Structures are given as structure tokens and as C-alpha cells.
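A quick write-up on the structure given underneath.
None of the values given here were measured: they were computed from a predicted structure.
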Amino acid sequence: MADTMASAESTEAAEYLEGFLNKTLHLHITDGRMFVGQLKCTDNERNIILAMTHEYRQPSQVDIKLAAERHEKAGKSGNVKVDMKKRFLGLVVVPGQYITKMEVEG
């Protein structure tokens with residue numbers, strides 16, 4: 001009986017995940033980076049394979065300082081906006097142990 005329930009739960013989980021195939025996911029990982037790409041595959045260890053993936057990361061302290069200096073030289077006041085760094089990676093495997101948050105686009 002327990003095996004039947006576990007099998008039903010496993011089937012339900014697989015069907016739920018299949019609904020996300022080829023959808024755009026935003027994966028946040030422990031070091032602060034975010035990967036945005038199309039879900040292609042996952043496994044029992046929660047590893048995720050994304051296609052057409054872009055990596056976003058926080059700007060460096062040097063970039064923040066330069067943006068603040070430009071902001072100040074332009075005579076502007078208030079907060080300085082510094083965009084995240086972005087690069088195209090293509091096909092990636094994101095280890096499940098490092099994923100902190102997953103979001104589905106749209």
C-alpha cells in the first residue's frame with residue numbers, strides 16, 4: 001500500500017514538472033547569481049538543465065564605485081542604479097544543491 005502511494009506521488013510530481021518543460025525559469029543560487037533559461041530536464045538530485053541561458057550577477061564594487069562617481073559628476077542626487085552583469089551561456093546544468101529559489105516566467 002505504501003509503495004502504491006509513493007508511486008502515485010512520484011507520478012503526480014513528474015506530471016507537475018512536465019508542465020514546466022520548455023518554459024522560462026529564473027533560478028537563483030547560493031552565490032547570488034541568477035540563471036534565466038528554458039527548462040529541458042531535471043533529475044532525482046534536483047539538478048536542472050536549462051537551454052538558451054543567460055547568467056546575471058551582481059556588479060563588482062569597482063563597477064558600483066565608478067557608477068557613483070559618474071552619477072556625482074553629472075550633478076545628480078539620490079540613489080545610483082547599477083545593472084546586474086549579464087552574459088549568455090547557452091546550455092547549462094545547475095546543481096540542485098545550490099538552488100535557493102525557482103520562478104516560472106509568465
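The distance from atom CD1 of Ile49 to atom NZ of Lys40, rounded to the nearest 0.5 Å, is 11.0 Å. Of the inter-residue distances, the one linking Met34 atom CE with Lys86 atom NZ reads 10.0 Å to the nearest 0.5 angstrom. Note that OH of Tyr98 and CG of Leu27 are 15.0 Å apart. Values are rounded to the nearest 0.5 Å. Between the OG1 atom in Thr53 and the CG atom in Leu25 there is a gap of 9.5 Å [rounded to 0.5 Å]. A distance of 10.5 Å separates NZ of Lys65 from CD of Gln61, quoted to the nearest 0.5 Å.
You'll find the side chain of His28 stays beyond 4.5 Å of the side chain of Arg33, heavy atoms only. For the pair Leu39/Asn22, no side-chain contact is recorded, criterion being any heavy-atom separation below 4.5 Å from C-beta on. Annotation: side chain of Glu105 is in contact with side chain of His26 (closest heavy-atom distance under 4.5 Å). At a threshold of 4.5 Å between non-hydrogen side-chain atoms, the residues Thr24 and Val104 do not count as touching. Side chains of Asp63 and Lys85 form a contact here, defined as non-hydrogen atoms less than 4.5 Å apart. Considering only heavy atoms from C-beta on, Ile29 comes within 4.5 Å of Val94 through its side chain. At a threshold of 4.5 Å between non-hydrogen side-chain atoms, the residues Ile64 and Gln58 do not count as touching.
Ion pair Arg57/Asp31 not flagged as a salt bridge, since none of the NZ, NE, NH1 or NH2 atoms sits closer than 4.0 Å to an Asp/Glu carboxylate oxygen. Looking at Arg70 and Glu72, no side-chain N of the basic residue comes within less than 4.0 Å of a carboxylate O on the acidic one, giving no salt bridge.
At a threshold of 4.5 Å between side-chain heavy atoms, the hydrophobic network of Ile, Leu, Val, Met, Phe, Trp and Tyr places Leu21 and Ile99 in one connected group. Residue Leu91 is not grouped with residue Met52 when hydrophobic side chains (ILVMFWY) are merged at heavy-atom distances under 4.5 angstrom, including chains of intermediate members.
No more than 12 heavy-atom neighbours from other residues, nucleotides or ligands sit within 6.0 angstrom of OH on Tyr16. Atom CE of Met84 is surrounded by more than 12 heavy atoms from other residues, nucleotides or ligands within 6.0 Å.
Using bins of under 30°, 30° to 60° and over 60° for the plane-to-plane angle, the ring pair Tyr56/His54 lands in the tilted bin.
Side-chain N or O atoms of Thr42 include one that pairs as donor or acceptor with a backbone N or O of Asn47 at under 3.5 Å.
Partner of Leu50 under the side chain to side chain contact (heavy atoms under 4.5 Å, CB included) criterion, chosen from Val92, Val93, Leu89: Val92.
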